[in-house]
Novice: 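The structure is given below, and queries will be raised subsequently.
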Amino acid sequence: MASHKLLAGCLLVAVTLLSGCVTVPDAIKGTSPTPQQDLARVMNAPELFVGQEARFGGKVMAVENQQGKTRLEIATVRLDEGARPTLNEPSRGRIYAEVTGFLDPVDFRNQLVTVVGPITGTAEGKIGNTPYKFLVMQAQGYKRWRVTQQVMMPPQPMDPWLWGPHPWRGGYGYGGWGWYNPGPAVIQNVVE
């Protein structure tokens with residue numbers, strides 16, 4: 001009985017350590033505990049949000065270098081709890097994020113970014129030949145993300161008393177039912 005309690009305690013500690021806490025990187029934390037992230041709400045009455053801190057992220061569609069600043073055109077998507085853009089989601093709208101200084105277009109075009117800073121208003125622009133009203137913000141912080149692949153293994157049995165060597169049966173297996181077939185591993189894209 002005591003060994004089962006010890007095992008349960010060890011498993012709880014292992015799961016806690018593996019899950020960890022998801023935190024927003026310092027570069028995009030901002031100064032507000034809850035920066036605005038609802039683009040549709042802001043675009044319904046943008047004048048009400050001028051000066052408020054916002055955090056948006058998504059795919060950089062265009063990079064325009066101007067005198068003393070760089071304007072990123074971002075197709076925004078929902079951000080996860082770590083402020084990372086969510087993969088495979090439709091755009092929620094586009095913004096212009098103005099960053100002080102020069103950013104090389106080669107390093108940012110078609111990349112995932114998250115930006116944070118005050119909303120400064122709106123600007124008329126175009127997507128292709130279609131007129132579009134962009135939200136404009138001063139990006140005081142930004143983070144460029146990369147997409148990597150991880151192999152996700154299927155769940156394995158956790159009971160050491162059922163899984164492992166069974167010399168009395170002549171081999172390995174799960175309990176008395178033979179081999180455990182966990183199925184194929186899955187390769188998954190993740191934003192880091």
Side-chain angles (χ1 to χ4, degrees), residues 15 18-50 52-64 70-99 103-155 183-192:
V15 168
L18 289 174
S19 64
C21 294
V22 177
T23 60
V24 175
D26 289 340
I28 54 173
K29 271 192 179 162
T31 58
S32 168
T34 56
Q36 185 55 247
Q37 295 187 135
D38 187 343
L39 184 58
R41 181 175 175 206
V42 172
M43 291 307 288
N44 282 335
E47 63 282 353
L48 298 177
F49 294 91
V50 170
Q52 288 188 24
E53 187 172 63
R55 183 185 301 126
F56 295 108
K59 186 176 184 179
V60 176
M61 305 308 294
V63 180
E64 181 185 339
T70 301
R71 177 179 270 185
L72 303 176
E73 178 184 325
I74 303 170
T76 65
V77 295
R78 185 179 60 82
L79 301 177
D80 71 8
E81 63 277 358
R84 295 178 300 245
T86 306
L87 294 175
N88 304 319
E89 278 203 9
S91 171
R92 293 185 167 194
R94 299 217 185 166
I95 67 167
Y96 286 143
E98 297 180 340
V99 180
L103 298 180
D104 195 327
V106 170
D107 295 333
F108 285 86
R109 192 174 291 119
N110 295 320
Q111 299 296 310
L112 295 176
V113 298
T114 301
V115 293
V116 67
I119 294 170
T120 57
T122 60
E124 298 298 325
K126 286 187 173 187
I127 299 176
N129 292 325
T130 305
Y132 191 85
K133 187 176 189 177
F134 290 84
L135 176 77
V136 182
M137 64 182 288
Q138 175 65 43
Q140 296 174 332
Y142 66 89
K143 167 96 173 112
R144 188 173 62 138
W145 304 96
R146 59 190 178 101
V147 177
T148 61
Q149 292 186 329
Q150 289 183 350
V151 176
M152 306 302 286
M153 296 300 293
V186 176
I187 297 176
Q188 192 172 39
N189 289 333
V190 294
V191 177
E192 294 182 330

Novice: For residues Gly82 and Pro25, report the shortest heavy-atom separation together with the two atoms involved.
Specialist: O-CD, 3.6 Å
Novice: With side chain to side chain contact (heavy atoms under 4.5 Å, CB included) as the criterion, how do Met137 and Val115 come out once you've worked through the C-alpha distance, each side chain's angles and the decisive distance to 0.1 Å?
Specialist: CA-CA 9 Å; Met137 64 182 288; Val115 293; 3.8 Å; yes
Novice: Under 3.5 Å, side chain of Thr76 to main-chain N/O of Phe56, donor-acceptor pair present?
Specialist: no
Novice: Is Phe134 close to Ile95 at the side-chain level, that is, under 4.5 Å between some pair of heavy atoms?
Specialist: no
Novice: Could you check whether any side-chain heavy atom of Thr70 comes within less than 4.5 Å of a side-chain heavy atom of Glu98, counting everything from C-beta outward?
Specialist: no
Novice: Rounded at 0.5 Å granularity, tell me how far NZ in Lys143 sits from CD1 in Ile28.
Specialist: 7.5 Å
Novice: Taking the side chain as every heavy atom from C-beta outward, state whether Val147 and Leu87 have any pair of such atoms under 4.5 Å apart.
Specialist: yes
Novice: Let me confirm one number: the NZ-CG distance from Lys59 to Leu72, rounded to the nearest 0.5 Å.
Specialist: 14.5 Å
Novice: Taking the six-membered ring of Tyr132 (Phe, Tyr or Trp), confirm whether the NZ or CZ of Arg94 is under 6.0 Å from its centre and within 45° of its axis.
Specialist: no
Novice: Check Ser32 against Pro35 and note the closest heavy-atom contact, atom names and distance.
Specialist: O-CD, 3.5 Å
Novice: Does the side chain of Arg41 come within less than 4.5 Å of Gln36's, by heavy atoms?
Specialist: yes
Novice: Would you sort out whether Ile119 and Val136 count as a side chain to side chain contact (heavy atoms under 4.5 Å, CB included), showing the intermediate values?
Specialist: CA-CA 6 Å; Ile119 294 170; Val136 182; over 6 Å; no
Novice: At their closest point, which heavy atom of Ala97 faces which heavy atom of Ile74, and how far apart are they?
Specialist: CB-CD1, 4.0 Å
Novice: Report yes if the side chains of Val99 and Tyr142 come closer than 4.5 Å at any heavy-atom pair, otherwise no.
Specialist: yes
Novice: Treating Thr86 as the side-chain partner and Arg78 as the backbone partner, does any N or O pair qualify as donor plus acceptor under 3.5 Å?
Specialist: yes
Novice: What are the two closest heavy atoms between Gly30 and Glu53, and how far apart are they?
Specialist: CA-OE2, 3.3 Å
Novice: Shortest non-hydrogen contact from Lys126 to Pro131?
Specialist: CG-CA, 4.1 Å
Novice: May I ask you to test the Thr114-Leu79 pair for a side-chain heavy-atom distance under 4.5 Å?
Specialist: yes
Novice: Go through the steps for Trp145 and Glu192 under the test side chain to side chain contact (heavy atoms under 4.5 Å, CB included), then give the verdict.
Specialist: CA-CA 6 Å; Trp145 304 96; Glu192 294 182 330; 5.6 Å; no
Novice: State, to 0.1 Å, how close Gly58 and Val77 come at their nearest heavy-atom pair, and which atoms those are.
Specialist: CA-CG2, 4.1 Å
Novice: List the steps and the verdict of side chain to side chain contact (heavy atoms under 4.5 Å, CB included) for Leu112 and Arg146.
Specialist: CA-CA 7 Å; Leu112 295 176; Arg146 59 190 178 101; over 6 Å; no
Novice: For Arg144 and Phe108, indicate whether the former's side chain and the latter's backbone hold a donor-acceptor pair under 3.5 Å.
Specialist: no
Novice: Is there a side-chain contact between Val42 and Leu135 (heavy atoms, below 4.5 Å)?
Specialist: yes
Novice: For residues Gln111 and Asp107, determine if any side-chain heavy atom of one lies less than 4.5 Å from a side-chain heavy atom of the other.
Specialist: no
Novice: Can you confirm if the NZ or CZ of Arg71 lies within 45° of the ring axis of Tyr96 and under 6.0 Å from the centre of its six-membered ring?
Specialist: yes
